[in-house]
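The structure appears right after this line, and notes come after that.
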Amino acid sequence: MTSTPTTDHSTSGATPGAAARHKDVVREAARRRTFAVISHPDAGKSTLTEALALHAQVITEAGAVHGKAGRRSTVSDWMEMEKERGISITSAALQFSYDGHVVNLVDTPGHSDFSEDTYRVLSAVDAAVMLVDAAKGLEPQTLKLFRVCKARGIPVITVINKWDRPGLDALTLMEEIQEKIKLVPTPLTWPVGIAGDFRGVLDRRSGDYIAYTRTAGGATRAPEARMGGDAAAAQVGDVWHAAVEESELLSSDGADHDQDLFLSGFTTPVLFASAISNFGVSAVLETLVELAPPAVPFRHGPEDSEGRPLEVRDVTAPFSAFVFKVQAGMDTNHRDRVAFARVCSGVFERGMIATHAQTGRPFATKYAQAIFGRERAVIDTAYPGDIIGLVNAMALKIGDTIYVDEPVSFPPIATFAPEHFAVATAKDSGRFKQFRRGIDQLDGEGVVQVLRSDLRGQQSPVLAAVGPMQFEVAQARMESEFGAPVRLEPLSYTQARRTDAASAPELARVRGVEVMERNDGTLLALLPDKWRVTVIERDHPELTLEPLIAGDR
Ligand code: G4P
């Protein structure tokens with residue numbers, strides 16, 4: 001076993017003020033639950049977000065926090081494109097208290113074209129809720145994002161949504177989870193009534209029946225009545241017995257919750273819900289508070305043989321945070337640029353001067369805000385697990401670290417393999433300076449990945465994206481924000497693999513393959529299709545050609 005070096009931040013010998021602060025951080029970090037929802041578009045993420053906020057009494061009527069076109073407000077209207085398409089591209093964090101805990105729900109964009117953004121969000125959370133549409137089961141986007149959680153070792157709570165509508169059989173869904181993602185589902189609740197006839201759930205740990213009552217349009221908290229098995233049998237009869245029988249079947253299969261197995265990524269607790277009717281939503285919050293981990297210490301420094309950083313920044317260490325998202329133009333009235341950072345250790349106090357690890361320069365934190373949708377509030381204090389929005393933090397890029405006192409630099413965020421590529425050139429060659437500044441800025445924000453090579457030169461970098469809509473955002477912003485309209489010429493590559501300097505010359509000689517460099521120094525081999533990847537792997541096993549995310553093929 002490798003030992004993990006940590007610095008002793010215990011309070012022996014510290015001043016009384018420092019001891020109090022230490023206790024304060026320990027308590028606050030333990031109260032934090034920082035999570036994101038991963039799902040395929042339309043599984044009900046926006047609806048669940050609203051319902052969670054409603055339950056936590058952040059809002060009094062569903063629809064006020066979040067939503068798509070046609071709902072009361074949208075997360076952001078920073079670009080016309082978003083409004084027209086009714087999608088949310090921006091993301092931030094919603095913080096609320098629940099049962100003595102502080103829950104940070106980090107929002108993720110709904111459209112799969114922006115899954116790279118979701119990836120970065122997953123680098124800032126301690127747990128994920130995997131939302132599954134009961135009628136559709138595990139869909140491609142859910143699987144892709146699940147793999148990211150697995151690679152990061154984030155525990156996953158599964159919520160089967162839309163149980164109010166006809167859908168798959170509950171046991172079939174459990175089998176699908178086990179087969180497709182190799183996690184053992186350990187349902188905490190089991191539906192009483194088939195999909196489409198949602199009466200309530202069996203609480204598998206207490207054996208109680210929780211009966212749900214529908215409210216008009218699901219707009220208020222749905223009343224829940226808890227009762228014992230006999231009362232349940234008297235009330236709903238056969239469907240109760242069917243649920244008990246299936247639950248016993250699960251237990252005989254070993255599908256009962258085990259906290260250690262959950263935290264180490266072998267099992268996933270499962271809940272059944274109907275976000276739109278607010279059924280089962282309080283169980284999601286209770287499960288987060290009870291089972292999801294508190295703010296976990298972040299790793300950094302040199303890596304072990306499995307690529308895991310060896311050092312740990314304890315949550316009680318002096319303040320540190322890392323930037324997982326940069327968003328420009330969120331507020332059309334003020335052309336601002338917000339860097340979202342996750343507090344990893346210590347106490348953040350607005351106005352404190354931190355050090356920007358990448359440049360060594362001081363960084364003033366005067367303009368720190370909590371941002372969710374259009375709502376902004378000044379943040380004075382934040383603890384490990386919290387998300388702070390640093391307004392007009394021009395120097396901060398994605399993956400950057402800020403800290404006080406004890407230097408630390410958290411590892412860069414891994415990226416999804418891009419699948420769309422296009423050569424960008426300035427439409428007006430007289431505006432090359434603006435073109436270059438704009439491209440660098442979009443690169444720093446992670447709007448697109450920017451690839452360069454000597455062959456193509458500085459005038460025509462290649463933009464790489466996971467989803468083609470990223471190109472539309474890039475093009476629109478180059479024109480409106482930087483006054484440098486771009487021409488994009490699509491390339492026929494669909495695959496990108498990490499390679500190295502030793503393999504690059506040989507790969508570049510293969511017909512249809514091009515090697516380019518990303519701004520983080522990674523060399524990427526671009527290939528037309530998976531077939532070509534397989535052929536090269538077979539014919540040239542000595543060449544480095546690795547997926548960008550472990551296990552992603
Ligand atoms: P997303 O953010 O994951 O993309 O999904 P969103 O919440 O927008 O939900 C997608 C659609 O599914 C919406 O219907 C929403 O009302 C519906 N939905 C969400 N949760 C449930 C549920 O528990 N049961 C049922 N029956 N439907 C659910 P829509 O018609 O596309 O939009 P809207 O007009 O209702 O807003």
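All residue numbers in this chain count up from 1 along the given sequence. Numbering of ligands and ligand atoms starts at 1, following listing order.
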Have a look at ligand 1 and work out which part of [X], if any, has a heavy atom under 4.0 Å from it: side chain, backbone, both or neither.
X      : value
Ala43  : backbone
Thr47  : both
Asp164 : side chain
Lys45  : both
Pro41  : backbone

N or O contact, Leu48 vs ligand 1, cut-off under 3.5 Å: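 No; the residue has no nitrogen or oxygen that sits under 3.5 Å from a nitrogen or oxygen of the ligand.
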Flag Gly44 as yes when one of its N or O atoms lies below 3.5 Å from any N or O atom of ligand 1, and as no otherwise.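 Right, the criterion is met.
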With side chains defined as the heavy atoms from C-beta onward, is the minimum distance between Val284 and Leu52 less than 4.5 Å?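 SC-SC contact between Val284 and Leu52 confirmed.
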Member of Asp164, Thr213, Thr47 meeting the side chain to side chain contact (heavy atoms under 4.5 Å, CB included) criterion with Ser277: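 Testing Ser277 for a side chain to side chain contact (heavy atoms under 4.5 Å, CB included) against Asp164, Thr213, Thr47 leaves exactly one candidate, Asp164.
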Apply the side chain to side chain contact (heavy atoms under 4.5 Å, CB included) test between Asp443 and each candidate in Val448, Ile398, Val450; give the one that qualifies.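 Of the listed residues Val448, Ile398, Val450, the side chain to side chain contact (heavy atoms under 4.5 Å, CB included) partner of Asp443 is Val450.
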What atoms of ligand 1 come within less than 4.0 Å of a heavy atom belonging to Ala275?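 Listed by number with element, the hits are 23 (O).
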Counting from 1, what ligand 1 atoms have a heavy atom of Asp42 closer than 4.0 Å?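 Those qualifying, in numeric order: 1 (P), 3 (O), 4 (O), 5 (O), 10 (C), 12 (O).
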For Ser97 and Arg31, does a side-chain donor sit closer than 3.5 Å to a side-chain acceptor?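 No.
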From the options Glu50, Lys162, Arg165, select the one whose nearest heavy atom is closest to atom 11 (C) of ligand 1.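 Checking each option, the heavy atom nearest atom 11 (C) of ligand 1 is found in Lys162.
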If every non-hydrogen atom of Leu145 is compared with every non-hydrogen atom of Leu122, which pair is closest and at what distance?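 Of all heavy-atom pairs spanning Leu145 and Leu122, the closest is O-CD1, 3.9 Å.
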Interatomic spacing from OG1 in Thr267 to CG in Asp256 - rounded to 0.5 Å: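 Between atom OG1 of Thr267 and atom CG of Asp256 there are 10.5 Å.
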Looking only at the aromatic ring of each residue, does the gap between the centers of Tyr209 and Trp240 stay below 6.0 angstrom?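 So the answer is yes for these two rings.
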